[in-house]
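Here is the structure we will look at, set down as structure tokens.
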Amino acid sequence: MVKPPVQSEKMLPDCTGTVPVATAIVRRTIPSATGNSVMPTYWQAFAPLVLFTFVASVTPGPNNMMLASSGLTHGFRKTIPHMLGVALGFVVMVVLLGLGLGSLFERAPWFYVALKYASAAYLLWLAWKIAMSSSTPDANGRGQPITFLQAVGFQWVNPKAWVMAVGIIAAYVPKEGFFFNLAIAGLICGLVNFPSVALWAGFGAGMRRWLHRPLLLKSFNYTMALLLVASLYPLAFETASH
């Protein structure tokens with residue numbers, strides 16, 4: 001009789017302490033002589049990843065603040081390349097980190113520190129750009145939204161994306177058959193992330209009918225810019241603690 005794979009539980013550190021993480025094992029098995037078989041437990045293995053990716057993607061963060069502002073200023077359709085860049089850029093980040101890019105930061109920790117502060121500087125610049133963006137919705141094509149490639153590249157200076165990617169690899173990618181499971185995890189991240197961030201672009205676009213007045217639009221963009229700056233609080237707290 002074929003026994004199903006056993007799941008083990010271990011403790012992994014996160015930014016708030018330690019949390020129990022169930023490490024699922026995904027296996028293909030051959031039917032036994034009695035005709036019984038154990039099907040690959042993909043859902044059991046990756047359902048927690050789907051939930052984590054959705055919650056992390058749909059909650060406020062740098063990407064979502066920028067998408068809401070872009071949806072309001074440029075409209076939903078012109079923001080689609082930005083949304084696709086966010087989703088694909090995050091998938092690329094997860095896969096590359098899983099393939100060993102993270103070991104680079106272990107060998108050269110200074111590079112990670114430099115990247116963190118470069119990320120903070122870039123986010124502050126983006127916050128200023130959002131705050132200073134046009135005070136009227138872009139109905140006539142004036143102004144340019146963030147492009148697909150710019151959104152892909154932005155993920156590498158997005159602190160929230162780094163936390164999500166490292167957490168996914170450490171906690172939600174089964175270690176047996178790691179590279180196959182990493183590919184599945186990357187696919188899941190893309191499929192879940194895109195509609196999640198699209199909600200924020202849709203929210204911004206939907207606000208166009210109410211925020212057509214320059215003062216209201218400016219207030220909205222200022223709010224998005226301040227929330228973008230507020231997303232840097234983990235880095236500020238870490239710096240202060242040192």
Side-chain angles (χ1 to χ4, degrees), residues 15-16 52-87 89-90 93 116-165 192-240:
C15 60
T16 60
F52 171 81
T53 304
F54 171 74
V55 172
S57 298
V58 82
T59 49
N63 281 322
N64 293 335
M65 297 303 100
M66 294 165 59
L67 285 167
S69 179
S70 179
L72 175 65
T73 305
H74 304 290
F76 187 85
R77 182 175 297 180
K78 288 187 176 182
T79 307
I80 290 177
H82 188 171
M83 293 184 284
L84 290 172
V86 169
F90 182 65
M93 170 180 278
K116 285 196 301 182
Y117 287 103
S119 302
Y122 185 63
L123 283 174
L124 290 174
W125 179 79
L126 285 174
W128 180 81
K129 292 286 289 183
I130 290 174
M132 296 295 105
S133 61
S134 174
S135 60
T136 56
D138 182 18
N140 299 316
R142 294 182 294 106
Q144 294 296 326
I146 290 180
T147 67
F148 171 80
L149 290 178
Q150 286 173 334
V152 170
F154 174 71
Q155 304 318 301
W156 294 94
V157 295
N158 180 359
K160 183 179 178 181
W162 277 97
V163 173
M164 288 173 58
V192 175
N193 183 267
F194 179 77
S196 300
V197 298
L199 290 174
W200 284 86
F203 167 74
M207 295 296 289
R208 287 164 69 93
R209 67 180 66 180
W210 291 288
L211 299 181
H212 57 278
R213 296 180 180 179
L215 180 60
L216 293 177
L217 177 60
K218 201 69 175 177
S219 299
F220 180 86
N221 283 336
Y222 276 138
T223 301
M224 294 299 103
L226 288 174
L227 289 174
L228 187 58
V229 173
S231 70
L232 292 172
Y233 80 90
L235 178 59
F237 179 80
E238 179 182 345
T239 302

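Start at 1 with the first residue, then count along the sequence.
Listed for the Trp156 side chain is no donor-acceptor partner under 3.5 Å among the backbone atoms of Met93. In this structure, the side chain of Ser69 does not engage the main chain of Met65 through any donor-acceptor pair within 3.5 Å. Between the side chain of Gln150 and the backbone N or O of Thr147 there is at least one donor-acceptor pair closer than 3.5 Å. In this structure, Ser196 contributes its side chain and Val192 its backbone to a donor-acceptor pair below 3.5 Å. Proximity of a side-chain donor or acceptor of Asn64 to a complementary backbone N or O of Ser57 within less than 3.5 Å is detected.
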Subject >> side-chain contact (heavy atoms from CB on, under 4.5 Å) assessment of Met164 paired with Phe90 >> reply: CA-CA 9 Å; Met164 288 173 58; Phe90 182 65; 3.7 Å; yes

Original post:
Would Met66 and Trp200 count as a side-chain contact (heavy atoms from CB on, under 4.5 Å) if you check the C-alpha gap in whole Å, the side-chain angles of each, and the deciding distance to 0.1 Å?
Top reply: CA-CA 9 Å; Met66 294 165 59; Trp200 284 86; over 6 Å; no

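Using a 4.5 Å heavy-atom threshold, the side chains of Pro145 and Lys78 count as touching. You'll find the side chain of Pro195 stays beyond 4.5 Å of the side chain of Phe54, heavy atoms only.
Taking every heavy atom of both residues into account, Gln155 and Gly89 meet most closely at CG-C, 3.7 Å. For Phe194 against Ala87, the heavy-atom pair with the smallest separation is CB-CB, 3.9 Å. Between Phe76 and Ala198 the shortest heavy-atom distance is CE1-O, 3.6 Å. Considering every non-hydrogen atom in both Thr79 and Ala201, the closest pair reads CG2-CB, 4.0 Å.
The side chain to side chain contact (heavy atoms under 4.5 Å, CB included) test with Met83 is passed by exactly one of Leu67, Asn63, Asn193: Leu67.
Atom CZ of Phe52 sits in a crowded spot, with more than 12 heavy atoms from other residues, nucleotides or ligands closer than 6.0 Å.
Under 3.5 Å, the side chains of Thr59 and Lys160 contain a donor-acceptor pair of N or O atoms.
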